[in-house]
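Remember, predicted model here, so these are calculated numbers, not experimental data. Worth knowing before you read on, the calculation uses all heavy atoms, side chains too, and leaves out hydrogens, waters and symmetry mates.
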Amino acid sequence: MNERYRYILSTLEKEYTVDTVFRENENSRIVSYLSNENESNRIVLIVTRTGNESVLKKLIGEENGFLPQIYDYCVDGDETVILEQFITGCRLSDIMAQKSLSKGQAVSYAINICSALDFLHKKRIVHRDIKPSNVIINTDDEAVLIDLQTARNISDERNTDTNNLGTVGYAAPEQFGIVQSMPTTDIYALGVMLNEMVLGEHPSVRIPDGRLGKIVEKCTHTQMSKRYQNVGQLKKDLIKYKKLHR
């Protein structure tokens, strides 16, 4: 165990108490800690074998309202240890399990995720695993994109990803070894999620009528070149849709 890892763990032991163990298996451990001094102060400790140090370097200390802030991290052997902001709220997947959302609410959440992705993509980072269980609806009823452990930098030298990652149903075709994941890969997954928020079905089964259906269709085209080429374009169309359907 390196010195930085020891420092992080000793600080947690002195100043925080274990609150909730979210995951504990051979590949990762995710635990929230509650401050001993301030009951509203919580942080999350992530120990993972899939962390990407080059991504974390770009994100440490950065603030964006639709992503958890990375406070600190270190690499210890084949493990990456991350301290990040705890987002208070409910997973979107839990909300969707109870009901389909209104089109207006679904579009609002999609706009929030566009803001998160715009921040990442401008840093040449692709999330690669957008799905309802990786979205927290916070106490302000805004969508926050979490779980950056599978995120990777866009490379000018690679043609494909090192690993085929993503969740079946949300993963774009290129994530299965065809070409490298790009911002359009995240757009594909967001289009699938938007469709499922509204209809509870994958877009290959059914899409909404009218303008919203055209947005989903453009997000989820099998050819990357025929999707929205950046989330700014998608966000603009979603905002326009929301204004027309108040």
Side-chain angles (χ1 to χ4, degrees), residues 1-2 4-13 15-36 39-57 59-60 64 66-98 109 112-113 116-117 120 125-139 142-152 161-171 175 181 186 189-190 192-193 196:
M1 188 183 298
N2 66 35
R4 189 66 191 159
Y5 194 175
R6 284 196 184 93
Y7 172 77
I8 290 173
L9 292 183
S10 64
T11 300
L12 284 174
E13 289 172 0
E15 301 180 15
Y16 292 81
T17 302
V18 171
D19 180 37
T20 305
V21 178
F22 292 110
R23 183 191 303 164
E24 191 157 21
N25 56 42
E26 60 181 12
N27 293 317
S28 64
R29 182 170 184 258
I30 303 177
V31 183
S32 70
Y33 285 78
L34 183 63
S35 170
N36 296 333
E39 63 181 18
S40 65
N41 183 1
R42 294 183 180 183
I43 59 176
V44 176
L45 171 71
I46 300 169
V47 181
T48 176
R49 296 182 184 276
T50 59
N52 189 328
E53 185 177 8
S54 59
V55 167
L56 294 170
K57 279 182 179 179
L59 296 177
I60 189 168
N64 176 278
F66 305 104
L67 290 163
Q69 186 177 359
I70 306 296
Y71 297 131
D72 201 355
Y73 79 92
C74 74
V75 177
D76 184 59
D78 62 350
E79 291 185 339
T80 302
V81 182
I82 308 164
L83 278 183
E84 72 175 37
Q85 178 186 8
F86 179 89
I87 306 298
T88 301
C90 182
R91 288 184 187 268
L92 178 58
S93 54
D94 293 335
I95 296 172
M96 290 171 59
Q98 299 174 18
Y109 292 157
N112 296 156
I113 300 303
L117 290 177
L120 292 176
I125 297 170
V126 184
H127 186 279
R128 296 200 299 170
D129 198 19
I130 295 170
K131 57 186 178 183
S133 60
N134 281 341
V135 175
I136 300 291
I137 305 305
N138 67 17
T139 52
E142 296 172 328
V144 179
L145 181 62
I146 63 169
D147 198 351
L148 296 167
Q149 281 71 69
T150 60
R152 68 180 292 276
D161 289 353
T162 304
N163 297 304
N164 299 333
L165 294 173
T167 299
V168 174
Y170 296 92
Q175 287 182 272
S181 295
D186 286 340
L190 179 53
V192 173
M193 191 169 73
E196 292 198 338

Nearest non-hydrogen partners of [X] and [Y], listed with the distance:
{"X": "Cys74", "Y": "Asn2", "value": "SG-OD1, 4.1 Å"}
{"X": "His127", "Y": "Leu148", "value": "CD2-CD2, 3.6 Å"}
{"X": "Leu145", "Y": "Leu67", "value": "O-CD2, 3.4 Å"}
{"X": "Ile95", "Y": "Cys90", "value": "CG1-SG, 3.9 Å"}
{"X": "Ala143", "Y": "Val135", "value": "CB-CG1, 3.8 Å"}

So, do [X] and [Y] sit near enough that their side-chain heavy atoms are less than 4.5 Å apart?
{"X": "Ile8", "Y": "Tyr73", "value": "no"}
{"X": "Asp72", "Y": "Ile60", "value": "yes"}
{"X": "Ile43", "Y": "Leu12", "value": "yes"}
{"X": "Val192", "Y": "Ile130", "value": "no"}
{"X": "Lys131", "Y": "Ser93", "value": "no"}
{"X": "Val55", "Y": "Leu120", "value": "no"}
{"X": "Ile125", "Y": "Asn52", "value": "no"}
{"X": "Val47", "Y": "Tyr5", "value": "yes"}

* Structure fact -> Of Val44, Val18, Asp19, the one forming a side-chain contact (heavy atoms from CB on, under 4.5 Å) with Tyr33 is Val18
Table please: side-chain donor-acceptor pairs of residues 77-85 below 3.5 Å, with sequence neighbours left out.
residue, atom, partner, partner atom, Å
Asp78, OD1, Arg49, NH1, 3.0
Asp78, OD2, Arg49, NH1, 2.4
Gln85, OE1, Gln69, N, 3.0

How many angstroms lie between [atom1] in [X] and [atom2] in [Y], if you round to the nearest 0.5 Å?
{"X": "Phe86", "Y": "Asn41", "atom1": "CZ", "atom2": "CG", "value": "11.0 Å"}
{"X": "Met193", "Y": "Ile113", "atom1": "CE", "atom2": "CD1", "value": "5.0 Å"}
{"X": "Thr17", "Y": "Glu39", "atom1": "OG1", "atom2": "CD", "value": "12.5 Å"}
{"X": "Leu45", "Y": "Leu9", "atom1": "CG", "atom2": "CG", "value": "6.5 Å"}

* Does atom OH of Tyr7 have more than 12 heavy-atom neighbours from other groups under 6.0 Å away? -> no
* Check: Asn138 side chain, Gly89 main-chain N or O, donor-acceptor pair, under 3.5 Å -> no
* To do: Look only at the side chain of Asn134 and the backbone of Asp129, and say whether a donor-acceptor pair between them is shorter than 3.5 Å.
  => yes
* Report the C-alpha separation of Glu196 and Tyr170 in whole Å, then their side-chain angles, then the decisive distance to 0.1 Å, and conclude whether the side-chain hydrogen bond (donor to acceptor under 3.5 Å, both in side chains) test is met. => CA-CA 10 Å; Glu196 292 198 338; Tyr170 296 92; 2.2 Å; yes
Can you give me every donor-acceptor pair (side chain of residues 20-30, partner residue at least two apart or in another chain, under 3.5 Å) with its distance?
residue, atom, partner, partner atom, Å
Arg23, NH1, Ser28, OG, 3.3
Glu24, OE2, Arg29, NE, 2.9
Asn25, OD1, Asn27, N, 2.9
Asn25, OD1, Ser28, N, 2.9

